[in-house]
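Note sheet for the following structure.
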Amino acid sequence: MLDESPKRFDRIVAILIQLQSKKIVKAQELANRFEVSLRTIYRDIRTLEASGVPIYSEAGVGYALMDGYRLPPVMFTREEVSSFIAAEKLMQKFTDPALGNHYASAMFKLKSVLRSTDKDWLSNIESKVVMQTAEPMFNDNSPNTLAVLFESIAEKKQILLTYKTIEAEEASNRNIEPVGIFHDNNNWYFLGYCHLRKDYRQFRTDRIQGIQKTDCDFTIEHDSLETYLTKTETIPTIKVRILIEKKIARYLETERKYHGYISEKEIDGKIEMTFMARDIENGFPRWFLMFGDYATILEPEKLKVRALELLEINRKRLL
C-alpha cells in the first residue's frame, strides 16, 4: 500500500489538472490515460469530491468542474520544461505567424511560473535547439492560414478561400466548410466541404493565396477528419512488385510509404518490395525511374510499358 500511495496521489493531481483542461472528461478517457480500471477512476473522483473539489457528473457524458473553479498554477518538472523547448521551436518553424505569436505569448505565461533554477536551465538549452524547414509551408499572401482555419473549425463558420491548384493558370474563389487539418509529407493540408464542387476536397496550405472567415454557418454536420481520410484510402489500387539492389533499398524507406508500400523480402541478395499503388500512370513510374537503373519491375506489365514510354519521351527531349 505504501508503494501505491505516491502513485495514486500523482494520478489524482493529474486527473484534477485534466478536468481543468477540458469542459467534459469521460471516465474511460481517464482510465485509458492512466492504465487503470474504471472502478479506480470512480474512487479517485470520490476522493477529489471529498477534498472539496466541486465536480459534477452526468451518466453517459462524463465529469466536469463547476464553472469558476481553478487551481493556482502548478509546478512543472524539468522533463516537462524540456518539452516546451521542442514545442516552441516547432511552432516557430512549422506553423503560420499568427499561431506562432499566440504560442509565444502562452510560453511567456508558462515560463513565469517556473522556478528560477528551471528558468536558467531552460535558457541554457533553448538557444542550442534549431528547427529547419526545406520549403515554405504557407503562401506569403496568406500568412495566417492555420489561425483562420482553427477559428473556422471551432466556431463552425465557413471560409472564403482563394486557391490555385498546381494545374490551374488562375486562382479560384470558393466557400469552404473546413473539417480538419493534418500534416503529411512535409506539408500542411486541410480537408473541407467545397460549395463550388459540392464535395469534399483536400487543400495544401502553400497553394492558398487568400483566406478569411465569413459569417456563414456550416450547412452540414461533418464527420471526424479521420473518417474522410480513411475513405480516401479506399481508392482502387494495383499490386506492384519491384526487385531492387539492397544497397539502394534503404534509401527508399522514407518515400516508399507514399506509394503504397506493403512489405519486402530478401531474394538472392536483393530486396523484393510489394506495393498497392494508386497511380501507375504517373506517380509510381516517375518515382521508380529515380532509381530505375538499380531496380527491375516484376509486375504488372502495364507499369513496365509506362516506364518505357516515359524513358522514350525523355530520350527524345535530350536529342
Side-chain angles (χ1 to χ4, degrees), residues 90-91 93-100 102 133-238 240 254-261 275-287 306:
L90 286 168
M91 290 293 289
K93 289 293 184 180
F94 291 89
T95 63
D96 62 34
L99 278 184
H102 293 329
T133 55
E135 298 291 338
M137 295 186 178
F138 305 96
N139 190 293
D140 290 340
N141 296 324
S142 181
N144 298 328
T145 294
L146 287 184
V148 175
L149 287 171
F150 279 21
E151 289 182 13
S152 170
I153 293 170
E155 299 174 11
K156 295 187 177 181
K157 295 290 187 181
Q158 296 180 31
I159 59 170
L160 179 60
L161 187 71
T162 303
Y163 191 76
K164 187 176 183 298
T165 64
I166 195 169
E167 305 90 358
E169 293 290 336
E170 301 290 337
S172 62
N173 294 318
R174 49 183 91 184
N175 278 67
I176 308 290
E177 299 182 15
V179 174
I181 305 164
F182 61 99
H183 188 274
D184 188 34
N185 196 21
N186 295 319
N187 287 292
W188 281 103
Y189 299 84
F190 84 90
L191 185 140
Y193 182 81
C194 176
H195 284 272
L196 178 65
R197 305 302 182 193
K198 305 299 181 186
D199 198 1
Y200 290 93
R201 290 289 188 269
Q202 184 173 299
F203 304 92
R204 212 169 93 171
T205 57
D206 61 338
R207 296 176 186 156
I208 295 174
Q209 299 194 351
I211 184 172
Q212 64 183 68
K213 189 180 66 174
T214 72
D215 293 327
C216 300
D217 294 327
F218 282 10
T219 60
I220 300 172
E221 189 66 33
H222 305 288
D223 292 330
S224 67
L225 174 62
E226 290 79 5
T227 301
Y228 298 103
L229 294 181
T230 301
K231 286 180 180 178
T232 63
E233 296 174 0
T234 62
I235 297 173
T237 56
I238 297 176
V240 172
T254 299
E255 291 189 354
R256 67 189 185 186
K257 66 179 180 180
Y258 301 111
H259 297 276
Y261 171 80
F275 300 80
M276 294 303 296
R278 297 177 184 173
D279 179 12
I280 65 168
E281 184 65 22
N282 286 296
F284 196 97
R286 293 180 189 279
W287 177 65
R306 180 55 178 158

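Being a predicted model, the structure only gives us computed values, none of them experimental.
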**OP:** Work out which heavy atom in Ser152 is nearest to a heavy atom in Phe218; give both atom names and the distance.
**Re:** O-CZ, 3.9 Å

Subject >> Closest non-hydrogen atom pair, Tyr163 against Phe203 >> reply: OH-CA, 3.6 Å

Original post:
What residue among Ile176, Thr214, Ile211, Val148 forms side-chain contact (heavy atoms from CB on, under 4.5 Å) with Leu160?
Top reply: Thr214

Original post:
Minimum heavy-atom separation for Ala171 to Thr162, with atom names?
Top reply: CB-CG2, 3.8 Å

Original post:
Do you know which two heavy atoms are closest between Ala277 and Val240, and how far apart they sit?
Top reply: CB-CG2, 4.0 Å

**OP:** Could you tell me whether a side-chain N or O of Arg306 sits under 3.5 Å from a main-chain N or O of Glu281, the two making a donor and an acceptor?
**Re:** yes

Original post:
So, for His183 and Phe94, which heavy atoms are closest and what is the spacing to 0.1 Å?
Top reply: NE2-CD2, 4.5 Å

**OP:** Please check if the distance between the ring centroids of Tyr261 and His259 is under 6.0 Å.
**Re:** no

**OP:** Would you mind reporting whether Ile220 and Tyr200 have side-chain heavy atoms less than 4.5 Å apart?
**Re:** yes

Subject >> Any donor-acceptor pair under 3.5 Å from Asn187 side chain to Asp206 backbone >> reply: no

Original post:
Any sub-3.5 Å donor-acceptor pair from Tyr228's side-chain atoms to Asp223's backbone N or O?
Top reply: yes

Subject >> Any donor-acceptor N/O pair, Glu177 side chain to Thr219 backbone, under 3.5 Å >> reply: yes

Subject >> Trp287 side chain to Arg256 backbone, donor-acceptor under 3.5 Å >> reply: no

Subject >> Exceeds 12 heavy-atom contacts within 6.0 angstrom, atom NZ of Lys164 >> reply: yes

Subject >> Validation row: Cys194, Asp199 side chains within 4.5 angstrom (heavy atoms) >> reply: no

**OP:** Dump the intermediate steps for side-chain contact (heavy atoms from CB on, under 4.5 Å) on Ile181 and Ile153, then the final yes or no.
**Re:** CA-CA 9 Å; Ile181 305 164; Ile153 293 170; 4.0 Å; yes

**OP:** Could you tell me whether a side-chain N or O of Asn175 sits under 3.5 Å from a main-chain N or O of His195, the two making a donor and an acceptor?
**Re:** no

Original post:
So Ile159 and Phe190, side-chain contact (heavy atoms from CB on, under 4.5 Å) or not? Walk me through it.
Top reply: CA-CA 12 Å; Ile159 59 170; Phe190 84 90; 4.0 Å; yes

Original post:
Closest approach of Lys157 and Pro178, non-hydrogen atoms and distance?
Top reply: O-CD, 4.3 Å

